[in-house]
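The structure displayed is predicted, hence computed values, not measured ones.
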Amino acid sequence: MVNDDGTTQVERPGASKGRVRGRPRGRPRSFDRETALEKALLAFWEHGYEATSVSDLTRVMDIGAPSLYAAFGDKRSLFEEVVQVYGARYGSFTDRALAEEPTAGAAVERVLREAATVYTEPGHPHGCLVVHAAANCSTPEVAQSLRDRRNADIAAFESRIRVDVAVGELPPGTDAAALARHTGAMIQGMSQQARDGASREELEAVAEIAMSIWPRTGTHTG
């Protein structure tokens, strides 16, 4: 019924009479940003950029589309952040090997062996996100960004190989560009092999064969 002051009074069985007041609006659902980002990373890693839709992302991240856009921007912006996190968390072994190993050969051997482990370990999709996410990617900016990352690794290998040639660690006639690209091809091929079910031991055997053809010089005595 309506009271003199205009408020509405309701009666419920077993309850005292009272005034019904407006319910406060619900707050937007909160979520842990880092957890949601990790879930997005795994989705992109498993399915690639193009095949992962916004609806897929909101489902696996357990958030609504407005929350996704507010926290991460659009799908492309979210993916760029995912790639940064992937590089720091899962893909940093290449940079570490190049920085810590005394020669290019030692660095490449370490990279291949660590790739065999990372690309096949349980708990996340197999292979490399930067390689797999580019498959069937029809967004030019995303495809170019991933291509630039892969080429940057090859350039880093080439630079390190040239240093070894200059100091006599590798033969003077070593084709640094070709050797670096061979290394990149091995890493990318191992990624796909891991996606196809190759085990760590099988990829380690591939790494061993790759290093067996690594050029050496018999004149270096350092």
Side-chain angles (χ1 to χ4, degrees), residues 34 37-38 41-42 44-45 79-134 144-195 198-222:
E34 293 305 312
L37 185 60
E38 178 69 12
L41 186 155
L42 295 176
F44 281 125
W45 194 350
F79 181 70
E80 289 173 352
E81 187 169 351
V82 158
V83 172
Q84 293 288 340
V85 172
Y86 172 84
R89 190 172 302 167
Y90 301 100
S92 59
F93 58 88
T94 295
D95 290 340
R96 287 199 306 270
L98 287 169
E100 295 172 3
E101 295 300 325
T103 66
V108 168
E109 182 174 11
R110 175 174 163 181
V111 167
L112 294 180
R113 293 191 179 281
E114 292 195 18
T117 298
V118 173
Y119 292 172
T120 60
E121 64 187 358
H124 59 67
H126 287 177
C128 172
L129 180 148
V130 176
V131 174
H132 178 62
Q144 184 63 52
S145 175
L146 295 172
R147 187 180 304 116
D148 289 343
R149 284 181 170 272
R150 295 191 299 272
N151 286 336
D153 283 343
I154 293 173
F157 288 130
E158 180 178 350
S159 177
R160 188 63 186 278
I161 291 166
R162 291 189 184 281
V163 170
D164 278 14
V165 173
V167 300
E169 182 67 40
L170 289 171
T174 300
D175 188 335
L179 188 56
R181 194 159 294 282
H182 172 266
T183 301
M186 293 303 305
I187 294 169
Q188 293 170 29
M190 289 171 67
S191 171
Q192 185 57 54
Q193 287 288 305
R195 298 283 301 187
S199 67
R200 185 193 69 187
E201 292 77 13
E202 289 171 328
L203 294 183
E204 286 176 341
V206 170
E208 185 174 348
I209 293 172
M211 293 312 300
S212 72
I213 64 171
W214 190 265
R216 290 173 174 81
T217 177
T219 60
H220 179 63
T221 58

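With Arg160 contributing its side chain and Leu98 its backbone, the two residues share a donor-acceptor pair below 3.5 Å. Counting only distance, with no hydrogens or angles, the side chain of Ser159 and the backbone of Ala156 share no donor-acceptor pair below 3.5 Å. Remark: the backbone N or O of Leu179 is paired with a side-chain donor or acceptor of Thr183 at under 3.5 angstrom. For Arg195 (side chain) and His126 (main-chain N/O), a donor-acceptor pair under 3.5 Å exists by modelled atom type. When atom types are taken as modelled, the side chain of Arg150 and the backbone of Val130 share a donor-acceptor pair closer than 3.5 angstrom.
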| request: Evaluate side-chain contact (heavy atoms from CB on, under 4.5 Å) for Thr94 paired with Phe157, printing each intermediate quantity in order. | output: CA-CA 9 Å; Thr94 295; Phe157 288 130; 3.8 Å; yes
| Verdict with reasoning, Tyr90 to Leu41, per side-chain contact (heavy atoms from CB on, under 4.5 Å) | CA-CA 11 Å; Tyr90 301 100; Leu41 186 155; 4.0 Å; yes
| said: Does Asn151 form a side-chain contact (heavy atoms from CB on, under 4.5 Å) with Ile154? I'd like the steps, not just the answer. | reply: CA-CA 5 Å; Asn151 286 336; Ile154 293 173; 4.2 Å; yes
| message | Thr117 vs Arg113, test: side-chain contact (heavy atoms from CB on, under 4.5 Å). Steps then yes/no. | response | CA-CA 7 Å; Thr117 298; Arg113 293 191 179 281; over 6 Å; no
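Heavy-atom minimum distance, Asp164 versus Gly105: OD2-N, 4.1 Å. Minimum heavy-atom separation, Pro171 to Val165: O-CG1, 3.8 Å. For the pair Ile209 and Ser212, the tightest heavy-atom approach, listed with the atom from each and the gap, is O-OG, 2.5 Å. When all heavy atoms of Leu112 and Ala207 are compared, the pair lying nearest together is CB-CB, 3.6 Å. The two residues Ala97 and Val111 make their nearest non-hydrogen contact at CB-CG2, 3.6 Å.
Ring geometry for Trp45 versus Tyr86: interplanar angle over 60°, hence perpendicular rather than tilted (30 to 60°).
When the salt bridge (charged side-chain N to carboxylate O under 4.0 Å, His left out) test is applied to Glu114, the partners found at least two apart in sequence or on another chain are Arg96, Arg110.
You'll find the side chain of Glu81 reaches within 4.5 Å of the side chain of Leu37, heavy atoms only. Here the side chains of Asp153 and Ile187 are not in contact, with every heavy-atom distance at 4.5 Å or above.
Distance check: Met190 CE to Glu204 CD gives 8.0 Å after rounding to the nearest 0.5 Å.
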